[in-house]
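Here the structure is laid out as structure tokens; the discussion comes afterwards.
Start at 1 with the first residue, then count along the sequence. Note that the coordinates shown come from a computational prediction; the quantities given were computed from them, not determined experimentally.
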Amino acid sequence: MPSANLQTTSKSIQSHDAGEEYADVNWDDLKFGVIPTDYMYTMKCSKAKGDDFSQGYLTPYGNIELNPSAGGLYEGLKANRTEDGRFLLFRPELNALRMKMGAERLCMPSPSTQQFIDSIKQTILANKRWSSAITTISVQIQAIHYSEVKWGY
């Protein structure tokens, strides 16, 4: 898995590597839609641990298997790459707060603000080759928070 030096601020992520390669994307003909990247981030919560979320991890991008009775929510945010190779996040702590409020409404535990922001940073850095050197193009990140209810029948 990729590792990188993360800045402590939630607004900027250092990511420039000499000789960095980009994914083969025709940025001039980019359409709205999903472009699968290399990695996704997974973090699990356990009732046995008092609704605490575990340390998350990066996994290869792929399908998520859900129980039909699962409930969940989405929180989207953008990352913009700067000319010097950093990624800028616009108020990710507010995205974390919205995720937390939505989870509370669904009676679900939620990760801490720091866990949310760290997961976003790690996901962006792991998939940075999918970003554009063109600073007017943003990377859209979809945080998915879901719960699989065990009904006990």
Mind checking the [atom1]-[atom2] spacing from [X] to [Y]? Nearest 0.5 Å is all I need.
X      : Y      : atom1 : atom2 : value
Leu88  : Asn80  : CG    : CG    : 6.5 Å
Ile120 : Leu125 : CD1   : CG    : 11.5 Å
Leu73  : Tyr146 : CG    : OH    : 12.5 Å

- For the side chain of Gln115 and the backbone of Phe53, is there at least one donor-acceptor N/O pair under 3.5 Å apart?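 Yes; judged by distance alone, with no hydrogens or angles, the pair exists.
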- Item | Main-chain N/O of Asn127 paired to Asp38 side chain as donor or acceptor, under 3.5 Å | no
- In this structure, are over 12 heavy atoms from other groups packed under 6.0 Å from Gln55 atom CD? no
- Message: Using the rule given for side-chain contact (heavy atoms from CB on, under 4.5 Å), can you reason through Tyr41 versus Ile141, listing the C-alpha separation, both sets of side-chain angles and the distance that settles it, and then say yes or no?
- Response: CA-CA 11 Å; Tyr41 192 90; Ile141 300 102; over 6 Å; no
Heavy-atom pair of closest approach, residues [X] and [Y]:
X      : Y      : answer
Leu77  : Pro92  : CD1-CB, 4.3 Å
Lys44  : Tyr57  : CE-OH, 3.6 Å
Leu58  : Tyr39  : CD2-CB, 4.2 Å
Ser119 : Met43  : CB-CE, 4.1 Å
Gly76  : Asn95  : O-ND2, 3.1 Å
Arg81  : Ser131 : NH1-OG, 2.6 Å

- Please step through side-chain contact (heavy atoms from CB on, under 4.5 Å) for the pair Ile124 and Leu89, ending with a clear verdict. CA-CA 10 Å; Ile124 290 169; Leu89 300 173; 3.5 Å; yes
Exercise answer: donor-acceptor pairs, residues 97-104 side-chain atoms, under 3.5 Å, sequence neighbours excluded:
residue: Arg98; atom: NE; partner: Glu75; partner atom: OE2; Å: 3.1
residue: Arg98; atom: NH2; partner: Glu75; partner atom: OE2; Å: 3.2

- Query: Is there side-chain contact between His145 and Pro111, with at least one heavy-atom pair below 4.5 Å?
  - Reply: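 Counting from C-beta outward, His145 and Pro111 do come under 4.5 Å.
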- Following the transitive rule for hydrophobic clusters with a side-chain heavy-atom cut-off under 4.5 Å over Ile, Leu, Val, Met, Phe, Trp and Tyr, establish whether Phe116 and Leu94 coincide in one cluster. no
